[in-house]
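Just so we're on the same page: letters track the sequence lines, and every chain starts at 1. What you are looking at is a predicted structure, and each value in this text was computed from that prediction instead of being measured. Keep in mind that the numbers below use all heavy atoms, side chains included, and drop hydrogens, waters and symmetry copies.
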2 protein chains.
Amino acid sequence: MNARRTTIKDVAEAAGVGVATVSRVLSGGSASPETRERVLTVAAQLDYRPSALGRNLRQRRSGGIGLLVPDITDSFYGRLADGVLACARAAGEPVVLGTTGDDAEREAEQIGMLLEQGVDRVVAVPAGSAEIWEPTLRAGLTTVFAHRSAAGRDDVPAVLADDRAGVRTAVDYLTGLGHRRIAYLGGPGQEQRVSVFRQSLGALVDEELIVSARGSRDSAYAAAAGLFQHRPDLTAVLAGGNLLGEAAVLAAGELDLRVPKDLSLIMFDDVPWAELCAPPLTVIAQPAQDIGYRAAELVLRGGGRRPRGVLLPTELIVRGSCGPRRTA
Amino acid sequence: MNARRTTIKDVAEAAGVGVATVSRVLSGGSASPETRERVLTVAAQLDYRPSALGRNLRQRRSGGIGLLVPDITDSFYGRLADGVLACARAAGEPVVLGTTGDDAEREAEQIGMLLEQGVDRVVAVPAGSAEIWEPTLRAGLTTVFAHRSAAGRDDVPAVLADDRAGVRTAVDYLTGLGHRRIAYLGGPGQEQRVSVFRQSLGALVDEELIVSARGSRDSAYAAAAGLFQHRPDLTAVLAGGNLLGEAAVLAAGELDLRVPKDLSLIMFDDVPWAELCAPPLTVIAQPAQDIGYRAAELVLRGGGRRPRGVLLPTELIVRGSCGPRRTA
DNA sequence: AAGAATGATGGAATCGTTTCCATGAACGCA
DNA sequence: TGCGTTCATGGAAACGATTCCATCATTCTT
């Protein structure tokens, strides 16, 4: 089988014009109507599809957009990715996906691969801190952060859910129900939220009740179980993500803590199964898909020196996992 | 800013050798030890990273592997993708991701894009039927199907969970509990399973109890609700995927059907929230991640004309969503 | 010791596109 | 009518790698 792809040269020959003309016609340059017509028909006839390889090399950039998320298994990032894909598809751009596991080193490795591929636009949920991204940005990568931004990198546009409002709403809701010992069960890169949590809680804050897990399910479960065992006096928990929430529900069940009687639970991120739980989980919904879509939009618009980020609203969805403080 | 990338030419110059030599050293060709040494140090010093663009053009193929799944939001495909990513990362290959929404036309569009990008290896959960893939395969794409294969395309290797055994086990389990009117709630591309379902059920089969939804959550819910309302006499349901299972739980709740008292439920695919449900869901676990990993392995090994597929085991995990037939 | 075989090396071609530049035709204006 | 402008056009360079092939220095064989 020797089915070589048809190249621009073939089209040029068949249409009796030069390759330059074909290229111009196909990329919307100027050409006489009859020439344009002829080239177009011939191209269609030959089923010519320009090779991105040649174009990319010439233009020293691959059209694609890179997407870096901690864990594609996590439903939140799945939805975020879906948003990016939707936008990219509309723009006709391919998406190359990498996962970082919330590990700075792995993130750097993935960035290296993207750079090598000639990808020059990337949407990332940053794992590493500001300085990790320094060489990347210097290398000319158009970057947009999604879901969180790297500490101290306000020169990179970021598309975020309004965590501050979300945390505040959740805390207000819980304190309104009478809770005083409220825990925050966080994950990597949630310093922002933790600080707002402290701030919202004011004098009620108890540092022991602020725990942080690494990205994995195991780690989340360990953190939740440890927290519940160590501090049985707490009456409410704010879980900073659906993995954490899952772990909290699981650990609570394991320790025979009834929700919401013994323990009130609010989870960041509304996932389909939140409704299926018993009791259904009260959550702070985040527009994961929108975040991805907007981030992709921003990175595609690209060069426009407008490092303005976007803040998307969160929403408290009250279901059944929070109750008044148990008067033990 | 004029920070041009360092090219192989720069390295060659700095090391005082020809570009051919540099290329050879870097890709493991033959070279004298001292030359190799020198080139390597210079390359490291200059922080040289070969451009995939140049290489790909020359070799007329992009290194990357394409991944086509119906919906990255679906936890099953998320895990599958994770497996592919893991394998690709180990091999140092980028992954370009596309979603098909289980739509043949969209699938064709995505394939077109991959081809254009020079991607010549693809792992896909096929949406379209055999003939859709004909031109693709002829175009020289090394393809491996995952999770399901296209009807009548046994020339493409496929990595599958053992659906036959899974369905049979589930049906046997349910009939063993005394159930007679058992429904199958399926999705796109599950003809195989349906046929095994019929076969396992033998004389008990009731065509009205076999319903099929399209890919979306809405469609799944509609199918489940419709089924339950239309045939209140059924006592057990086998849901062919986590979206379907979710819909079944939701619809059952909506219609005040108690699980497992009024309705026994088995779901294909073990997801974390299955344990969190009340009652926890009995499931047929499928090794989604392995499926992805093995498929990626196969596609990377590639050319080896061995269209042998792989069949991975499923496992019935009994939790609490199935009970003896209600003796109404 | 002379010719053959081996191995390291660099120049140049190549991949498929875009884009710069020169050419020539057509046209308008004085 | 003559000259300058505009416009379509095609040839050729460039992008950054790989790889064919010729060259040259060794070493082996007889």
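- Within 4.0 Å (heavy atoms only), B/Leu53 reaches no atom of the nucleic acid at all.
- If you check every strand for non-hydrogen atoms under 4.0 Å, B/Gly54 touches a base.
- Judged by distance alone with a 3.5 Å cut-off, no donor-acceptor contact links the side chain of B/Arg58 to the base of C/dG16.
- A/Arg106 places a side-chain heavy atom less than 4.5 Å from the side chain of A/Thr99.
- Salt-bridge formation is detected for the pair A/Arg294/A/Glu297: a Lys NZ or Arg NE/NH1/NH2 atom is positioned less than 4.0 Å from an Asp or Glu carboxylate oxygen.
- If you check every strand for non-hydrogen atoms under 4.0 Å, A/Thr35 touches sugar and phosphate atoms only.
- Residue-level contact check: A/Ser32 touches the backbone only, with heavy atoms under 4.0 Å from sugar-phosphate atoms and none from bases.
- Rounded to whole angstrom, the span from the CG atom of A/Asn56 across to the P atom of D/dA14 amounts to 20 Å.
- Counting to the nearest Å, the P atom of D/dG16 and the CD atom of A/Gln59 are 13 Å from each other.
- In this structure, A/Ser23 reaches the bases: a heavy-atom distance under 4.0 Å links it to at least one base atom across the strands shown.
- In this structure, the CZ atom of A/Arg60 is 9 Å from the C1' atom of D/dA14, given to the nearest Å.
- Under a 4.0 Å N-O distance rule, the pair B/Asp120/A/Arg5 does not qualify as a salt bridge.
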